[in-house]
Amino acid sequence: MPYKTPDNSIIGWDVGGAHLKAALIDGKGRVHKVLQLPCPLWQGLPHLERALSEALNQLDEPDALHALTMTGELADIFPNRAAGVAAIINLAQKKLQTVKVFAGGKGFVRPAQAKKLAEDVASANWLASAAFAAARVKEALLVDIGSTTTDFILLKNGKVQARGFNDHRRMVYGELVYAGVTRTPVMAAVSRVPFAGEWVGVMAELFATMADVYRLSGELPEAADQMPAADGGEKTVRGSARRLARMVGLDLESAPLADWKGLAAYIAERQLQRLLAACVRQLSSGVVGDKAPLIGAGVGRFVARKLALRCSRGYRDFSSLVQSRLSDAEWVNGCAPAVAVALLARSAAGA
């Protein structure tokens, strides 16, 4: 018989601009189910409503408490972040029963209060992951590499050592970097590339994304790439090579496949160098010691492992911090904020 969660189960929700992530925590604090669904929120709220309905159907836990965090308020269908926070909360109230909203340092609040605390609620999902991890390690650098962004968060003595607490300040301090492993356009990763013995400028067009780069390098977890390809075409090695070729004004047939793979390797290295610079910047602060490991989260944690190696640091997955009934921890790592917000809500409730 399928396992049913004990009473007092909690579902953590991370509402992003492109994906909806959810984690079901059972009454004993164990991860029972985790899922990620495509949700192009920039195309309208009906996409979020459908994704919530599908997730609820898959999780099949009607009596759970719901804990909510988000980044989707940044979607350009909203005139500002406060309006986005309110719209997402309103929809959550419509689809879910008992909802608590994560308001960063102010903890969990009711939906009505959360709308008045939009600055604290907006894009606080990173803080959920960091607060959860900080309570479980002496010191570390949490590196969450997702589809679009990367978070670098120092942790020490049970506390989150971030300097910025909104997107603007976090970008100023290098704690938030807009570089991910699937949705990031190639033109945002490089401005020119070496090809056929020359430096070639890349086209400022959304012809290819980093999903194509990491598919060609053989590193991309296919389940992580849930959005359509840039051209709506096939998600295969040849499809990715075709899209990458367009970035330099050529066709797939213009060069052997090995050349396109070599080009992908160069672009991946450039993105790694950018992330490495951000990583070293945080570690150079002296907040954590030389032995502090990197904790990798997100669908791009294969890049986090490389960062740990380049920095001569230890490494561990975010999933090592939680109890789980799952045989595969892939999505526990990939959906770290959803897992963390559920477990934080459980602690806040005194469970």
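Numbering of residues begins at 1 and proceeds along the displayed sequence. Given the structure is predicted, the values throughout are model-derived calculations rather than measurements.
For Glu219 and Lys306, the salt-bridge test passes: some basic side-chain N is under 4.0 Å from an acidic carboxylate O. Comment: Glu119 engages Arg81 in a salt bridge, judged by a side-chain N to carboxylate O separation of less than 4.0 angstrom. Between Asp60 and Lys33 there is no salt bridge, since none of the side-chain N atoms of the basic residue sits less than 4.0 Å from a carboxylate O of the acidic one. Here Asp225 pairs with Arg215 in a salt bridge; the nearest charged N to carboxylate O distance falls below 4.0 Å.
Across all their heavy atoms, Cys335 and Gln36 have their closest contact at SG-CB, 4.0 Å. Summarising the geometry of His19 relative to Ser147, their closest heavy-atom pair is CE1-OG, 3.7 Å, with the distance given to 0.1 Å. Considering every non-hydrogen atom in both Cys311 and Leu276, the closest pair reads SG-CD1, 3.7 Å.
Rounded to the nearest 0.5 Å, atoms CG (Leu263) and CG (Asp259) are 9.0 Å apart. Rounding to the nearest 0.5 angstrom, the gap separating the CE atom in Met70 from the CG atom in Leu20 is 11.5 Å. Annotation: the span from Leu257 atom CG to Arg242 atom CZ amounts to 11.0 Å, rounded to 0.5 Å. Of the inter-residue distances, the one linking Trp199 atom CH2 with Ser191 atom OG reads 9.0 Å to the nearest 0.5 angstrom. Rounded to the nearest 0.5 Å, atoms CG (Leu35) and CD (Gln58) are 5.0 Å apart. For the atom pair NZ of Lys21 and SG of Cys39, the computed distance is 12.0 Å after rounding to the nearest 0.5 Å.
Side-chain contact between Glu269 and Tyr266 is absent, with no heavy-atom pair separated by less than 4.5 Å. A 4.5 Å side-chain heavy-atom check between His66 and Glu61 finds every atom pair outside the cut-off. In this structure the side chain of Ile295 never reaches within 4.5 angstrom of the side chain of Tyr315, judged on heavy atoms. For the pair Arg169 and Glu175, the minimum side-chain heavy-atom distance is 4.5 Å or more. Taking 4.5 Å as the limit, every side-chain heavy atom of Trp126 sits out of range of all side-chain heavy atoms of Phe152. The closest side-chain heavy-atom distance from Leu272 to Arg310 is below 4.5 Å. Side-chain contact between Leu220 and Glu222: present, with at least one pair of heavy atoms (C-beta onward) separated by less than 4.5 Å. Considering only heavy atoms from C-beta on, Arg305 comes within 4.5 Å of Asp317 through its side chain.
Applying the under-4.5 Å side-chain rule to Ile, Leu, Val, Met, Phe, Trp and Tyr, the cluster around Met171 extends to Leu74, Leu176, Tyr178. Hydrophobic clustering, defined by side-chain heavy atoms of Ile, Leu, Val, Met, Phe, Trp and Tyr closer than 4.5 Å, groups Val172 together with Tyr173.
When the shell of 6.0 Å around CZ of Arg238 is examined, it contains 12 or fewer heavy atoms from other residues, nucleotides or ligands. Atom CD of Glu198 sits in a sparse spot, with 12 or fewer heavy atoms from other residues, nucleotides or ligands closer than 6.0 Å. Within 6.0 Å of atom CG in Asp290, 12 or fewer heavy atoms from other residues, nucleotides or ligands are found, so the atom counts as exposed in its surroundings. For NZ of Lys235, the number of neighbouring non-hydrogen atoms (other residues, nucleotides, ligands) closer than 6.0 Å is greater than 12.
When each of Val341, Thr69, Val99, Leu52 is tested with Trp13 by the rule side chain to side chain contact (heavy atoms under 4.5 Å, CB included), just one qualifies, namely Leu52. Exactly one of Asn8, Val31, Ile11, Val34 qualifies for a side chain to side chain contact (heavy atoms under 4.5 Å, CB included) with Ile25. That residue is Val31.
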For the pair Leu41 and His47, evaluate side-chain contact (heavy atoms from CB on, under 4.5 Å) and give the outcome as yes or no after the intermediate values. CA-CA 6 Å; Leu41 187 53; His47 289 280; 5.7 Å; no
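Proximity of a side-chain donor or acceptor of Glu73 to a complementary backbone N or O of Ser123 within less than 3.5 Å is detected. Without hydrogens or angle criteria, Ser254 side chain to Asp251 main chain gives a donor-acceptor distance under 3.5 Å. Under a 3.5 Å cut-off, the side chain of Ser285 and the backbone N or O of Arg281 do not form any donor-acceptor pair. Arg243 places no side-chain N or O within donor-acceptor distance of the main-chain N or O of Thr209, the cut-off being under 3.5 Å.
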Only distances under 3.5 Å count here; give the side-chain donor-acceptor pairs of residues 127-141 to other protein atoms, sequence neighbours excluded, each with its distance to 0.1 Å.
| from | atom 1 | to | atom 2 | distance (Å) |
| --- | --- | --- | --- | --- |
| Arg136 | NH1 | Phe132 | O | 2.9 |
| Glu139 | OE1 | Lys156 | NZ | 3.0 |
| Glu139 | OE1 | Gly289 | N | 3.1 |
| Glu139 | OE2 | Gly289 | N | 3.4 |

Contacts table for residues 83-90: side-chain donor-acceptor under 3.5 angstrom, sequence neighbours left out:
| from | atom 1 | to | atom 2 | distance (Å) |
| --- | --- | --- | --- | --- |
| Asn90 | OD1 | Lys115 | NZ | 2.5 |
| Asn90 | ND2 | Ala86 | O | 3.2 |

Please tabulate, for side-chain N and O atoms in residues 180-190, each donor-acceptor pair with protein atoms closer than 3.5 Å (sequence neighbours left out).
| from | atom 1 | to | atom 2 | distance (Å) |
| --- | --- | --- | --- | --- |
| Arg183 | NH1 | Thr148 | OG1 | 2.9 |
| Thr184 | OG1 | Gly180 | N | 2.7 |
| Thr184 | OG1 | Gly180 | O | 3.4 |

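A donor atom on one side chain and an acceptor atom on the other are not found under 3.5 Å apart for Asp212 and Tyr214.
For Glu330, the side chain to side chain donor-acceptor pair (under 3.5 Å) partners are Arg301, not counting sequence neighbours.
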